[in-house]
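Okay, structure first, notes after.
Reckoned from all heavy atoms, side chains included, excluding hydrogens, waters and symmetry mates.
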Amino acid sequence: MSNWDKTTFVNHLREQCNREIAKVGVHIVEFSEKFADDITWGRSSEHGTLTFRCDTDVGLLPLFHMTSVGQLNLQINFMRNKEVPPMVLRDLVLKLESNFLRDYDELEYPSDVFVPMDELFHTENQVEKFLKTMEGVTYRLRQ
């Protein structure tokens with residue numbers, strides 16, 4: 001049973017993060033409610049976790065995790081090990097690399113890790129591009 005829900009997650013996010021990161025986090029929560037096929041909330045007693053899942057041919061596939069302490073975990077390597085169409089995965093990686101100016105290839109990004117959101121998002125435009133990327137990937141995975 002989950003210890004967290006939207007209300008407790010958002011309240012904790014606002015307590016633990018600066019105003020800008022909390023605003024980004026709330027935006028991601030609202031986006032997730034609209035576009036995710038399944039959202040799960042964590043069970044930790046220390047912080048909340050939101051998992052954005054998309055329904056695909058191989059079942060529900062997590063695209064990212066976000067914590068109530070302002071961290072984001074992109075599930076790129078997890079998707080590499082699933083039967084995700086190569087074109088979808090390549091498009092995702094290219095858009096994320098362009099948006100965050102980071103390398104997400106298998107050598108530079110060997111495992112999925114939690115990254116503080118203040119290291120990823122510096123502008124509102126980056127947030128919007130990230131969400132558009134997730135929306136596009138979700139749409140393509142459902143086909």
Rounded distance (nearest 0.5 Å) linking atom [atom1] of [X] with atom [atom2] of [Y]:
| X | Y | atom1 | atom2 | result |
| --- | --- | --- | --- | --- |
| Glu119 | Arg102 | CD | CZ | 6.0 Å |
| Leu92 | Leu74 | CG | CG | 7.5 Å |
| Tyr104 | Lys95 | OH | NZ | 15.0 Å |
| Gln71 | Gln16 | CD | CD | 11.0 Å |
| Leu50 | Ser32 | CG | OG | 4.5 Å |
| Phe64 | Arg53 | CZ | CZ | 11.5 Å |

What I'd like to find out is whether the side chain of [X] reaches to under 4.5 Å of the side chain of [Y], using heavy atoms alone.
| X | Y | result |
| --- | --- | --- |
| Asp103 | Tyr109 | no |
| Asp91 | Met87 | no |
| Lys129 | Glu124 | no |
| Leu60 | Thr56 | no |
| Thr67 | Glu46 | no |
| Asn99 | Thr133 | no |
| Asp118 | Cys17 | no |
| Met66 | Val29 | yes |

Legend entry - Asp55 atom CG, over 12 foreign heavy atoms within 6.0 Å: yes

Legend entry - Heavy atoms of other groups near Gln143 CD, more than 12 under 6.0 Å: yes

Inset, instruction - For His65 and Thr51, run side-chain hydrogen bond (donor to acceptor under 3.5 Å, both in side chains): C-alpha distance rounded to whole Å, both residues' side-chain angles, the deciding distance at 0.1 Å, then the answer. - result: CA-CA 4 Å; His65 306 289; Thr51 301; 2.8 Å; yes

Between [X] and [Y], is there a shared hydrophobic cluster once you connect ILVMFWY residues whose side-chain heavy atoms come closer than 4.5 Å?
| X | Y | result |
| --- | --- | --- |
| Trp41 | Val69 | no |
| Val84 | Tyr139 | no |
| Leu131 | Met79 | yes |
| Ile28 | Phe114 | no |
| Ile76 | Leu94 | no |

Legend entry - Expected output: side-chain Ser68 to main-chain Gly48 donor-acceptor under 3.5 Å: yes

Inset, instruction - Output yes when a side-chain donor or acceptor of Gln126 lies under 3.5 Å from a complementary backbone atom of Phe121, and no otherwise. - result: no

Heavy-atom pair with the smallest gap, counting every atom of [X] and [Y]:
| X | Y | value |
| --- | --- | --- |
| Leu141 | Pro85 | CD2-CD, 4.1 Å |
| Leu13 | Gly70 | CD1-N, 4.1 Å |
| Asp105 | Glu108 | OD1-N, 2.7 Å |

Legend entry - Proximity of Phe31 and Phe52 rings by center, below 6.0 Å: yes

Inset, instruction - Kindly say whether the aromatic ring centers of Trp4 and His12 come within a distance under 6.0 Å. - result: yes

Inset, instruction - Apply the test side-chain contact (heavy atoms from CB on, under 4.5 Å) to residues Asp57 and Glu83: give CA-CA distance (whole Å), side-chain angles for both, the deciding distance (0.1 Å), then the verdict. - result: CA-CA 8 Å; Asp57 291 339; Glu83 294 177 23; over 6 Å; no

Legend entry - With Leu120, the side chain to side chain contact (heavy atoms under 4.5 Å, CB included) member among Ile21, Leu72, Leu101: Leu72

Inset, instruction - Name the orientation class of the two ring planes belonging to Phe130 and Phe100 (parallel below 30°, tilted from 30 to 60°, perpendicular beyond 60°). - result: tilted

Inset, instruction - Mind running salt bridge (Lys or Arg N to Asp or Glu O under 4.0 Å) on Lys6 and Glu30 for me, showing each step along the way? - result: CA-CA 9 Å; Lys6 178 184 176 182; Glu30 291 169 352; 5.3 Å; no

Inset, instruction - Please step through side-chain hydrogen bond (donor to acceptor under 3.5 Å, both in side chains) for the pair Arg14 and Asn11, ending with a clear verdict. - result: CA-CA 5 Å; Arg14 288 181 173 143; Asn11 289 341; 4.6 Å; no

Legend entry - Ion pair check, Arg140 and Glu135, cut-off under 4.0 Å: no

Inset, instruction - Show your working on side-chain hydrogen bond (donor to acceptor under 3.5 Å, both in side chains) between Gln75 and Asn73 and close with a plain yes or no. - result: CA-CA 6 Å; Gln75 292 292 284; Asn73 181 316; 2.6 Å; yes

